[in-house]
J.: 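I have a structure I would like to understand better, so I am pasting it below and will then ask my questions one at a time.
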Amino acid sequence: MGVPTTPAVATSSGSPGRPYVLLSCATSIDGYIDDATEQRLMLSNDEDLDRIDAVRAGCDAILVGAGTVRRDDPRLVVRSERLRRARVARGLPPSPAKVTLTARGDLDRRARFFTVGDAERFVYCASPAVEKTTELLDGLATVVDAGDPVDHGRVLADLAGRGVGRLMVEGGGTVHAQFLTAGLADELHLVVAPFFVGDRRAPRFVADGRFPWHSGRRARVAEVRQIGDVVLLRYALSERCGDS
Ligand SMILES: NC(=O)c1ccc[n+]([C@@H]2O[C@H](COP(=O)([O-])OP(=O)(O)OC[C@H]3O[C@@H](n4cnc5c(N)ncnc54)[C@H](OP(=O)(O)O)[C@@H]3O)[C@@H](O)[C@H]2O)c1
């Protein structure tokens, strides 16, 4: 299937230069975002998945790292027919564009990222792997040279140029840590599931790093909401983040 040529139409909460960036993640009580087994760990509940669907529907693009594409094989589409119709009524495609980052370019053409839905798909690739990845994904995605190493500012500027005003970043840990440490996140939705993983072989929300928020510079809590048996913590990470 070819990639549609029309740019995603912005929902216009971004500013020139870069989109508004919303990070979304679910963790266990002890801060793990997965376990160490082969199966995908369910941290959210059905009600929260509906909320995430609505957040997706309000964005122009959804970004995940290539690790998440390989490990979770996510569809990254708006599931609700009602929300898809509402987007179309606003002149938008039914689902946001899909975006991934890769240095190696070693992606599977059969991944649902590439095969499910009609959304535009973008692969931001480190320069040395662009040629190989373009050949590999021929017709399945637009492969964009994102520098060597990949430059997040360049990725965000390119997305803005394609009409992406609001970007949802859905993980995994490597990608979340990069956006956070680079100060490129406006808002964080952190869902805490009511159980422990207790296995240090499992991935955590973020690895070590120099984060702009620490004991001397605390992030602002914009909202706390119980959703069934999970809790949503919404943190404002920039002045661009409102309270609603
Ligand atoms: N609980 C949740 O909310 C949630 C959500 C999503 C994922 N997860 C979990 O997160 C885990 C995966 O996390 P992860 O940290 O291993 O993977 P990840 O962050 O999804 O992806 C990391 C990969 O993305 C590419 N990448 C990331 N930053 C890059 C950069 N700056 N330049 C070039 N390439 C870059 C590289 O791909 P290449 O190797 O191709 O070069 C890298 O290996 C899985 O266990 C998944 O289940 C949990």
Side-chain angles (χ1 to χ4, degrees), residues 21-45 48-49 51-53 55-56 62-76 98-109 111-114 122-130 132-134 136-137 141 143-156 158-159 167-185 188-197 199-209 227 230-234:
V21 177
L22 185 161
L23 270 48
S24 172
C25 186
T27 76
S28 61
I29 292 173
D30 50 348
Y32 289 100
I33 58 169
D34 196 1
D35 60 21
T37 70
E38 287 299 307
Q39 281 78 43
R40 185 175 179 176
L41 179 69
M42 278 309 296
L43 288 145
S44 294
N45 56 32
D48 186 50
L49 291 174
R51 177 196 63 82
I52 293 169
D53 207 35
V55 176
R56 278 183 181 174
I62 306 169
L63 184 150
V64 295
T68 296
V69 174
R70 294 188 195 103
R71 157 85 180 162
D72 292 353
D73 195 16
R75 294 181 179 81
L76 301 180
K98 304 185 197 184
V99 181
T100 192
L101 301 178
T102 181
R104 292 185 286 140
D106 191 11
L107 292 156
D108 187 342
R109 288 176 56 90
R112 292 192 281 202
F113 181 95
F114 300 110
F122 298 98
V123 175
Y124 286 87
C125 187
S127 305
V130 167
K132 174 185 98 174
T133 309
T134 305
L136 175 76
L137 299 175
V143 178
V144 183
D145 186 337
D148 184 22
V150 166
D151 176 342
H152 291 85
R154 183 164 158 178
V155 171
L156 292 177
D158 188 83
L159 286 169
L167 175 69
M168 182 174 184
V169 178
E170 292 204 44
T174 304
V175 163
H176 276 146
Q178 291 175 0
F179 276 88
L180 288 165
T181 53
L184 292 172
L188 168 64
H189 293 189
L190 189 67
V191 163
V192 182
F195 59 85
F196 294 79
V197 168
D199 182 348
R200 65 177 166 182
R201 293 170 304 168
R204 285 190 181 272
F205 169 38
V206 287
D208 297 351
I227 304 171
V230 305
V231 177
L232 166 68
L233 303 165
R234 203 162 65 78

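For ligands, and for the atoms within them, numbers begin at 1 and follow the listed sequence. Heavy atoms only: backbone and side chains are in, while hydrogens, waters and symmetry mates are out.
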J.: List for me each residue that meets ring pair (Phe, Tyr, Trp, His ring centres under 6.0 Å) alongside His189, sequence neighbours excluded, and say none if there are none.
T.: none
J.: Taking the side chain as every heavy atom from C-beta outward, state whether Phe114 and Leu107 have any atom pair closer than 4.5 Å.
T.: yes
J.: Which pairs count as salt bridge (Lys or Arg N to Asp or Glu O under 4.0 Å) when at least one residue sits in residues 145-156, sequence neighbours excluded?
T.: Asp145-Arg154
J.: Can you tell me how far the CG atom of Asp108 sits from the CG atom of Leu136, to the nearest 0.5 Å?
T.: 8.5 Å
J.: Search all heavy atoms of Asp73 against all heavy atoms of Phe113 and return the closest pair with its distance.
T.: OD1-N, 4.4 Å
J.: Kindly tell me which protein residues have any non-hydrogen atom under 4.0 angstrom away from an atom of ligand 1, grouped by chain and ordered by number?
T.: Cys25, Ala26, Ile33, Asp34, Leu43, Gly65, Ala66, Gly67, Thr68, Arg70, Arg71, Asp72, Leu101, Thr102, Ala103, Arg104, Val150, His152, Glu170, Gly171, Gly172, Gly173, Thr174, Val175, Gln178, Pro203
J.: Can you name the residues that form a salt bridge (charged side-chain N to carboxylate O under 4.0 Å, His left out) with Arg201, not counting sequence neighbours?
T.: Asp199
